[in-house]
Amino acid sequence: MKLVPRAAAAQVAQYREIFPAVAVLGPRQCGKSTLVKMLQEEWRDFVYLDLQDPQDLNKLSEPQLFFQANLNKIICLDEIQLVPQLFSVLRSEIDKKRVNGRFMLLGSASRDLIQKSSETLAGRIGFINLSPFTAAELQSAHCFELRKYWFRGGFPESYLAQSDDISVVWREQFIRSFVERDVPQLGFQIPAQQLRRFITMCAHAQGQILNYSKLAESMSLTHPTARRYIDLLEQTFLVRTLMPFEANTKKRLVKSPKVYVRDCGLLNQLLALEDFNDLMGHPVFGASWEGLVVENVLTHTKGWNAFFYRSSGGDEIDLILQKGKRFIAIECKASAAPKLTKGFWRALEVVKPEKTFVVAPIQDAPYQISKDIWVCSLTDVLDKLAGE
């Protein structure tokens, strides 16, 4: 399988110079272990333990003894969320001998879901989020194909599969494993069939305003339970919610977040789409493109707050990036000849961004349609945002 260089590699190297422990967090099978194993060639002695492997887990039955026996080695602990009690031991071990870059921790859950990790290792650990492949990473590796990426998504095993059929099988097994094994391992007792149905409901609501009450009612759940499920899916990197932008305006604005299944390939699988033609004919087609753009942009922009704008009258901008008093607007159009609505132009008058990008599935070079408003492809907008 082709090795695709990851943008996070430079951040891992930087954090290893600053922190005794570096945690790389992201969904299962997004390439965390591969990233670390690619980097280990530059490191001194290296020990890798997969905490899902009973034999490796048994080596940590006496963790302090194991850490002392490997005192001068880099220790990588994979699937750290399965043994959260290790964090208190790690704190003690780090304080005995504070050497930066000594521990690499890989996890398939967010820092908040890994119990007490941020508290017990405060000041001793740096967190890095790793997503599946982005368009920019695939472009830099000279293996980016837009339709393939849009249908298969960015998980390495899915995108690099020998055929769409193999990709479909892999994604189905990923979803089954997630609901049947991964969630129970985190201590959540949710019937697998119910959770699968809930995630599928989120897929049908891709890019829409999240209505917890409607979602709960359709699943015969309580409102708090629906919120808890959404929170779990966010904490395990399957779903993203995007909060609304609140401008100083007298307009009535939408107050609820939007919801996205983060990987477009998993979105297609949840909707039972068998090929790209199925996707093009599905009502979620436009929202699928929106989710793909939002996920890529937010993965590659650091230090920006992200929102969407929508008024009660329907004026809307898909994505607003904010850093201090700076605003960048991004509109997603799943058309080779994008047309902008009056509501979009009215929204621009409220937000007043310094730059606006209309991102479309085009192959042409970026072009301007108005002052500071550009129409560009997905990879072009990522290039333009890289310098911001």
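Only heavy atoms go into these numbers, but all of them, side chains included; no hydrogens, no water, no symmetry mates.
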4.5 Å side-chain heavy-atom contact, C143 and V4: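 In contact.
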
Testing the basics here: between [X] and [Y], what is the closest heavy-atom pair and its distance to 0.1 Å?
X    : Y    : value
M280 : F285 : CA-CD1, 3.6 Å
A135 : N296 : N-OD1, 2.8 Å
I320 : I317 : CG1-CG2, 4.1 Å
L270 : T200 : O-CG2, 3.6 Å

Stepwise side-chain hydrogen bond (donor to acceptor under 3.5 Å, both in side chains) check, E234 with T241: CA-CA 8 Å; E234 280 201 277; T241 58; 2.8 Å; yes

Salt bridge (Lys or Arg N to Asp or Glu O under 4.0 Å): pairs with one or both residues in residues 59-79, sequence neighbours excluded: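 Sorted result for residues 59-79: R28-E79, D56-K59.
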
Within residues 197-222 or reaching into it, pairs that qualify as salt bridge (Lys or Arg N to Asp or Glu O under 4.0 Å) - sequence neighbours excluded: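 Every candidate salt bridge (Lys or Arg N to Asp or Glu O under 4.0 Å) pair involving residues 197-222 fails, so no pair, neighbours aside, qualifies.
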
Does this structure show an ion pair linking [X] with [Y], if we count only N-O contacts that are shorter than 4.0 Å?
X    : Y    : value
K355 : D372 : no
E172 : R176 : yes
R196 : E180 : no
K333 : E290 : no

ring-ring contact (aromatic ring centres under 6.0 Å, His included) against F67, all qualifying residues, sequence neighbours excluded: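 If we apply the ring-ring contact (aromatic ring centres under 6.0 Å, His included) test to F67, skipping adjacent residues, the hits are F103.
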
Plane angle bin for Y149 and Y159 - parallel if under 30°, tilted between 30 and 60°, otherwise perpendicular: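 Geometry flag for Y149 against Y159: perpendicular rings.
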
Parallel, tilted or perpendicular: rings of Y229 and F198 (30°, 60°):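 Answer is perpendicular, since the angle exceeds 60°.
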
More than 12 heavy atoms of other groups within 6.0 Å of Q85 CD: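 More than 12 within 6.0 Å, yes.
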
Residues S288, W150; criterion side-chain hydrogen bond (donor to acceptor under 3.5 Å, both in side chains); working and verdict: CA-CA 8 Å; S288 170; W150 196 348; 3.0 Å; yes

Within 45° cone of Y260 ring axis and under 6.0 Å: R240 NZ or CZ: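 The answer is no; the distance or angle limit is not met.
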
